[in-house]
2 protein chains.
Amino acid sequence: MPRQVDHADRRRIVAEAVCELADEHGLEGVTLRDVAARAQVSMGAVQRCFRTKEEMLVFALGHIGERIGSRVRARLVRSPAQSAATALGHAATEVALLREEHRAEARVWLAFVAQAAVSEALAGTLKASYAALEESFAGLVAEALEDPARTVPVDPRREARTLLALADGLTAHVLIGHLTPRAAQDVLDAHLTALFTD
Amino acid sequence: MPRQVDHADRRRIVAEAVCELADEHGLEGVTLRDVAARAQVSMGAVQRCFRTKEEMLVFALGHIGERIGSRVRARLVRSPAQSAATALGHAATEVALLREEHRAEARVWLAFVAQAAVSEALAGTLKASYAALEESFAGLVAEALEDPARTVPVDPRREARTLLALADGLTAHVLIGHLTPRAAQDVLDAHLTALFTD
DNA sequence: ACAGTTCCGATGCGCTCGTATCGGAACGTG
DNA sequence: CACGTTCCGATACGAGCGCATCGGAACTGT
């Protein structure tokens, strides 16, 4: 067996470059040449890792989805003593990518979501990510609201979907400058408070 | 004065073509040639209406924003006798573009939102549309919740922002296939019900 | 009818894109 | 130390892009 290369690792490096460029110029500003340059490899190397550009984009989407998902999961288990409600608030904030240092990820994610509306391959990857998030959220909502003294019954799945959609919508509105991150956080907090005080 | 052409009208026709193509192949699938062909005019005519492609896209965004906005406004005044709460529900459904026949508009809108995250020109137009919607919604929320018997005070502006973000998030989730239109409508209805029964 | 102005369809240019190709560098193996 | 395999950098290619150009069609006012 002659010269071998860690393909998995290179794919990750390339995916990072894709995300950086998508953050700066949008998804359509991502070209193979620029990606290769940013990743400090040759175009040939990129082509060896991914047969086509679409394959590269799909991998990059999965990569960033994995990163966000694992950060959310980390938030959920960091402090086992916290209430489910608190955990849910943290996780939702994480999903909404409101913190300044995650603005880039938010832009990339939004670009992928828009593209997924017309690309079956991207849509599949995205749906998997969202399904996993919805599951996590639904579990947390159920746990946080299992108080038998509640006057109004709540559908955990529906509340999870609400939270997820709200987080995504807030992310978009922050990105285009309609809301400040602070205002978005305020909206999110108010929604959660209302959810847990009914 | 020699031969004259209704430029405003042609711009509208071209904008329609832009939206149709953006719906089918995403915003980056929109080329001047395809737009001209779809609008049944020559490329030269398109170039006469819009100096650059970006100018064309900005106009198209404004055009579709105007269409959606006026539809929302129509919903708000159609039946003056309806309660503010009902009007708000209708308007929110309209903004979320959940009805099948508006799916195309939703895809176009999402494409523009994503692009606006990296394009100042588009972001400006979008912000104006959202600001107007938020204003309308905030007014309706205030009207619907002016019941002095309410136990918990509500910030109309914040609720308007919540509603707007939720609607946008739901739109995106429907487009990528994570939610069915029915499920999205269900989420929206539940949110409004909770808002008006607290 | 003619002159003057506006408009636009056709065409070309320069560029960038994604992809295909291939010769040689790199390296484990016998 | 060659040999064989794997890898990749450089380059070529055809397609498609946005944009510029321009000659003549179309139409108005005289």
Side-chain angles (χ1 to χ4, degrees), chain A residues 1-61 111-112 114-115 118-122, chain B residues 1-61 111-112 114-115 118-122:
Chain A
M1 181 86 89
R3 179 180 185 199
Q4 280 295 4
V5 160
D6 187 346
H7 272 173
D9 193 54
R10 195 200 300 283
R11 284 165 78 96
R12 252 173 277 122
I13 292 175
V14 170
E16 285 298 329
V18 170
C19 292
E20 287 179 31
L21 290 171
D23 169 43
E24 294 164 20
H25 314 108
L27 250 198
E28 61 242 51
V30 174
T31 72
L32 289 185
R33 283 162 235 272
D34 289 347
V35 168
R38 181 63 64 103
Q40 308 229 50
V41 300
S42 75
M43 253 180 70
V46 175
Q47 288 184 271
R48 176 148 297 267
C49 290
F50 306 102
R51 265 191 310 255
T52 67
K53 183 185 181 180
E54 184 178 48
E55 188 180 311
M56 178 182 78
L57 293 180
V58 169
F59 179 85
L61 171 57
F112 274 120
Q115 191 61 25
V118 291
S119 159
E120 198 45 56
L122 290 175
Chain B
M1 179 88 92
R3 181 178 183 199
Q4 278 295 4
V5 160
D6 188 344
H7 273 174
D9 192 53
R10 195 200 298 284
R11 282 163 81 98
R12 253 175 276 125
I13 291 175
V14 169
E16 284 298 329
V18 169
C19 291
E20 287 178 31
L21 291 172
D23 169 43
E24 293 163 22
H25 314 108
L27 250 197
E28 61 242 49
V30 174
T31 72
L32 289 185
R33 282 164 236 270
D34 289 348
V35 168
R38 182 61 65 103
Q40 308 227 55
V41 301
S42 75
M43 252 181 71
V46 175
Q47 287 183 273
R48 176 149 294 269
C49 290
F50 305 103
R51 265 190 309 256
T52 68
K53 183 184 181 181
E54 184 180 46
E55 188 180 310
M56 178 183 77
L57 293 180
V58 170
F59 180 85
L61 171 57
F112 274 120
Q115 190 61 25
V118 291
S119 160
E120 197 46 56
L122 289 176

- line: Residue pair A/G44/A/D34 against DNA chain C: nearer the 5' end by closest nucleotide is A/D34
message: How long is the straight-line distance from CD of B/E120 back to CG of B/L122, given to the nearest 0.5 Å?
response: 9.5 Å
field: Separation of atom CZ in A/R51 from atom C1' in D/dC7, rounded to whole Å
entry: 17 Å
- prompt: Which one, D/dC8, D/dG18, C/dG18, comes nearest to the side chain of A/R10?
  reply: D/dC8
field: Value in whole Å for how far the C1' atom of C/dC7 lies from NE2 of B/H7
entry: 7 Å
- prompt: What's the closest nucleotide to the B/T52 side chain, out of D/dA10, D/dC19, D/dC8?
  reply: D/dC19
query: C/dC7 P sits how many Å from B/D6 CG, rounded?
result: 11 Å
- prompt: Between B/L21 (CG) and D/dC17 (P), how many Å, whole number?
  reply: 11 Å
B/R48 side chain, from C-beta outward: closest of C/dC8, C/dG18, D/dC17: C/dC8
- prompt: How would you label the contact of A/V46 with the nucleic acid (heavy atoms, under 4.0 Å): base, sugar-phosphate, or nothing?
  reply: nothing
A/M43 CE - D/dA12 C1' separation (whole Å): 11 Å
message: Can you say whether a donor on the side chain of B/R33 sits under 3.5 Å from an acceptor on the base of D/dG18, or the other way round?
response: yes
- prompt: To the nearest angstrom, how far is B/R11 atom CZ from C/dC7 atom P?
  reply: 13 Å
query: Per the side chain to side chain contact (heavy atoms under 4.5 Å, CB included) rule, which among B/E16, B/M56, B/E55 passes with B/R11?
result: B/E55
field: Length of the CE-C1' vector between A/M56 and C/dC17, whole Å
entry: 12 Å
message: From C-beta outward on B/K53, which listed nucleotide comes closest to its side chain: D/dC17, C/dT19, D/dG18?
response: D/dG18
field: Comparing B/E54 and A/V41 on DNA chain D - which has the more 5′ nearest nucleotide
entry: A/V41
query: When rounded to the nearest 0.5 angstrom, what is the spacing between CD in A/E20 and CZ in A/R38?
result: 5.0 Å
field: Value in whole Å for how far the C1' atom of C/dC17 lies from CG of A/L27
entry: 16 Å
message: Contact between B/R48 and B/H7 at the side-chain level, heavy atoms closer than 4.5 Å - yes or no?
response: yes
- prompt: When you measure from the side chain of A/Q47, which nucleotide among C/dC8, C/dT19, D/dG18 comes out closest?
  reply: C/dT19
query: In Å and rounded to the nearest 0.5 Å, what is the CZ to CG distance from A/F50 to A/L32?
result: 10.5 Å
